[in-house]
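Taking it in order: structure first as structure tokens, then the write-up.
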Amino acid sequence: MILYNVTTSIEPAVAAEWLDYMRTTHIPEVMATGFFLKSQLLRLLNEEEGGMTYAAQYYCISQAQLDEYQAICAPALRADMEKHFAGKYVSFRTLLEVVE
């Protein structure tokens, strides 16, 4: 199993709006693609000054499945995020293999 982790630092002025967008729009749309088994949204407790940091995590069966999601669905979902929050966030992505 693969854990796809998207860590995002969001400006405090739009953090509540972003969190609502993640809960009501973005995460449900990612899950509706059918590529992931489950998701979770976490808030980092040891944040950097000047931003609020969250990690959205998505679990999928294989790297091949994640690659297909990245090719087919991710560009439009990222563009929608950018449309709503351009210049107000920074994200980076990590991939982890679930060992146990």
Side-chain angles (χ1 to χ4, degrees):
M1 179 147 336
I2 301 294
L3 170 60
Y4 175 51
N5 182 83
V6 182
T7 302
T8 301
S9 180
I10 186 83
E11 290 182 6
V14 296
E17 179 186 351
W18 179 88
L19 195 54
D20 181 63
Y21 171 81
M22 289 297 288
R23 288 178 172 147
T24 62
T25 304
H26 189 77
I27 291 174
E29 287 177 352
V30 170
M31 295 306 294
T33 67
F35 286 101
F36 300 100
L37 302 173
K38 72 175 188 172
S39 65
Q40 58 187 9
L41 183 61
L42 304 96
R43 181 172 171 211
L44 273 67
L45 297 178
N46 56 339
E47 297 172 324
E48 297 291 324
E49 233 179 275
M52 299 179 76
T53 305
Y54 293 87
Q57 298 183 334
Y58 308 95
Y59 293 82
C60 65
I61 292 178
S62 67
Q63 181 67 51
Q65 192 172 24
L66 179 60
D67 291 344
E68 191 174 354
Y69 163 80
Q70 296 281 16
I72 296 170
C73 303
L77 291 164
R78 288 181 188 171
D80 191 60
M81 176 74 70
E82 187 66 16
K83 180 178 84 174
H84 286 89
F85 300 100
K88 300 188 185 318
Y89 73 98
V90 175
S91 292
F92 68 90
R93 291 151 183 83
T94 51
L95 303 178
L96 298 96
E97 181 180 17
V98 178
V99 178
E100 286 186 31

**Study point:** Leu44 to Tyr54 - nearest heavy-atom pair and separation
**Key:** CD1-C, 4.1 Å

Revision key, fill the gap. Taking every heavy atom of Met52 against every heavy atom of Pro12, the minimum-distance pair comes out as SD-CA, 4.2 Å

Review point. Taking only residues two or more places apart in sequence, or in another chain, which ones meet Gln65 in a side-chain hydrogen bond (donor to acceptor under 3.5 Å, both in side chains)?
Key: none

Exercise for review: Could you tell me which residues satisfy side-chain hydrogen bond (donor to acceptor under 3.5 Å, both in side chains) with Thr33, sequence neighbours excluded, listed by chain and number?
Suggested key: none

Review point. Hey, quick one: are Ile2 and Leu42 part of the same hydrophobic cluster, counting side-chain heavy atoms closer than 4.5 Å, chains of contacts allowed?
Key: no

Check your understanding: Going hydrophobic residue to hydrophobic residue with side-chain gaps under 4.5 angstrom, can you get from Leu19 over to Val90?
Key -> no

Point to revise | Residues which pass ring-ring contact (aromatic ring centres under 6.0 Å, His included) with Tyr58, listed by chain and number, not counting sequence neighbours | key: Phe36

Nearest 0.5 Å please: distance from the [atom1] atom of [X] over to the [atom2] atom of [Y].
| X | Y | atom1 | atom2 | result |
| --- | --- | --- | --- | --- |
| Leu41 | His26 | CG | NE2 | 10.0 Å |
| Lys88 | Glu82 | NZ | CD | 11.0 Å |
| Asn5 | Ser91 | CG | OG | 10.5 Å |
| Ile72 | Leu77 | CD1 | CG | 12.0 Å |

Review point. Members other than Leu3 in its cluster, when Ile, Leu, Val, Met, Phe, Trp, Tyr link by side-chain heavy atoms under 4.5 Å?
Key: Met1, Leu37, Tyr59, Ile61, Leu96, Val98

Exercise for review: State, without any angle test, whether Tyr4 and Gln63 hold a side-chain donor-acceptor pair at a distance under 3.5 Å.
Suggested key: no

Point to revise | Qualifying salt bridge (Lys or Arg N to Asp or Glu O under 4.0 Å) pairs, either residue in residues 52-81, two or more places apart | key: Asp80-Lys83

Review point. Would you say the side chain of Cys60 lies within less than 4.5 Å of the side chain of Tyr69, judging by non-hydrogen atoms?
Key: no

Exercise for review: Return the set of residues passing side-chain contact (heavy atoms from CB on, under 4.5 Å) with Thr24 (not counting sequence neighbours), or none when no residue passes.
Suggested key: Asp20

Study note, to complete from the structure: side chain to side chain contact (heavy atoms under 4.5 Å, CB included) test vs Trp18 passes for just one of Met81, His84, Glu11, namely Met81

